[in-house]
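The chain is numbered in sequence order, starting from 1.
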Amino acid sequence: MIKLGDYNTLRIVKRVDFGLYLDGGEEGEILLPSRYVPDGIAIGDELEVFLYLDQDEKLIATTERPVAKVGEFACLEVAWTNQYGAFLRWGLMKDLFCPFREQKQRMERGRKYIVYIKVDEDSYRLMATAKVEKYLTTPGEGGRPLPKHGDAADALVWQKTPLGFKVIVDNRYQGQLYDNQLFQPLHTGDRLTAYVDHVRQDGKVDLTLQLTGHRHTLDFAEVLLRYLYENNGRCELGDHSPAELIYDRFKVSKKAYKKAVGDLYRRRLITLTDEGIQLV
């Protein structure tokens, strides 16, 4: 079946002056305009294309890749507005429509918003909605396995809260990053790898930007050891060094740094001095 607003692998059936026609099954032949046709392809070849609707609401194919597809969340900038809603840049020639009824506040040109991309059930048109809460699920819903402590996750920064930042986790769940565990500036729309701390009773996922526990200590201990070998066996950062200096140098928290130092010390690979640490 054809998937609107998604990637489809279709067979080339005809070449014309203005592009290629692809076999869309029950939807008929779908045009791939000349500007998107890659070199070296022939009739009968299969091609992965993204399908959307052109200005006349007809199916059209492109080899361009939008920022997101149907069923995904993204941070998109408003290109222009009119009396019906806002039009968002998402990487294709035709901007993505977000009607007023799907906006939480009136969208403004030039500003970015977190939206969910869907197919409107009534009009069969691609559409964005800023009412993203409706499309978030709960961990374990639908029989999916619960995220586990230490699991890596894709995090889309959603909005600032008094505690830190709400994020969208793995394009499914609501999560939280806490200010007291952040050692870098974050902004709405940032995408980063985070790690599951735990799943709360309300179904939200608490995250950290650093691996926790013994695994992280061992991993960073090896990074620190390599640093010492490459820097004359010395590092001036110690127990009393500001956390910001440690993060600027190694991109880890002070707690993680101290654990790694303790691990290397127990293995008798370093000594502790007033000036920091030193290879044995």
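- In this structure, Asn171 contributes its side chain and Gly71 its backbone to a donor-acceptor pair below 3.5 Å.
- Annotation: ring pair (Phe, Tyr, Trp, His ring centres under 6.0 Å) contacts of Phe250 (sequence neighbours excluded): Phe220, Tyr227, Tyr257.
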Could you pull out every donor-acceptor pair under 3.5 Å between side chains of residues 124-133 and any protein atom, sequence neighbours left out?
{"from": "Thr129", "atom 1": "OG1", "to": "Glu102", "atom 2": "OE1", "distance (Å)": "2.6"}
{"from": "Thr129", "atom 1": "OG1", "to": "Lys131", "atom 2": "N", "distance (Å)": "3.1"}
{"from": "Lys131", "atom 1": "NZ", "to": "Arg101", "atom 2": "O", "distance (Å)": "2.7"}
{"from": "Glu133", "atom 1": "OE1", "to": "Lys104", "atom 2": "NZ", "distance (Å)": "3.4"}
{"from": "Glu133", "atom 1": "OE2", "to": "Lys104", "atom 2": "NZ", "distance (Å)": "2.8"}

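- Partners of Arg109 under the salt bridge (charged side-chain N to carboxylate O under 4.0 Å, His left out) rule, at least two apart in sequence or in another chain, do not exist in this structure.
- Not counting sequence neighbours, the partners of Lys14 by the salt bridge (charged side-chain N to carboxylate O under 4.0 Å, His left out) test are Glu29.
- Alongside Met1, the hydrophobic cluster contains no other residue (criterion: ILVMFWY side chains under 4.5 Å).
- Looking at Lys3 and Glu48, no side-chain N of the basic residue comes within less than 4.0 Å of a carboxylate O on the acidic one, giving no salt bridge.
- In this structure, Arg65 forms no cation-pi arrangement with Phe50, as its terminal cationic atom is not both closer than 6.0 Å to the ring centre and no more than 45° off the ring axis.
- A salt bridge links Lys94 and Glu57; the closest N-O separation between the charged side-chain nitrogens and carboxylate oxygens is under 4.0 Å.
- Checked by atom type and distance alone, the side chain of Ser34 pairs as donor or acceptor with a backbone atom of Gly19 at under 3.5 Å.
- Between Arg191 and Asp154 there is a salt bridge, with a side-chain nitrogen of the basic residue lying less than 4.0 Å from a carboxylate oxygen of the acidic one.
- Taking the ring pair (Phe, Tyr, Trp, His ring centres under 6.0 Å) definition, one finds that Tyr116 meets it with Phe73, Tyr135, sequence neighbours left out.
- Using modelled atom types, one side-chain atom of Lys160 and one backbone atom of Gly164 make a donor-acceptor pair closer than 3.5 Å.
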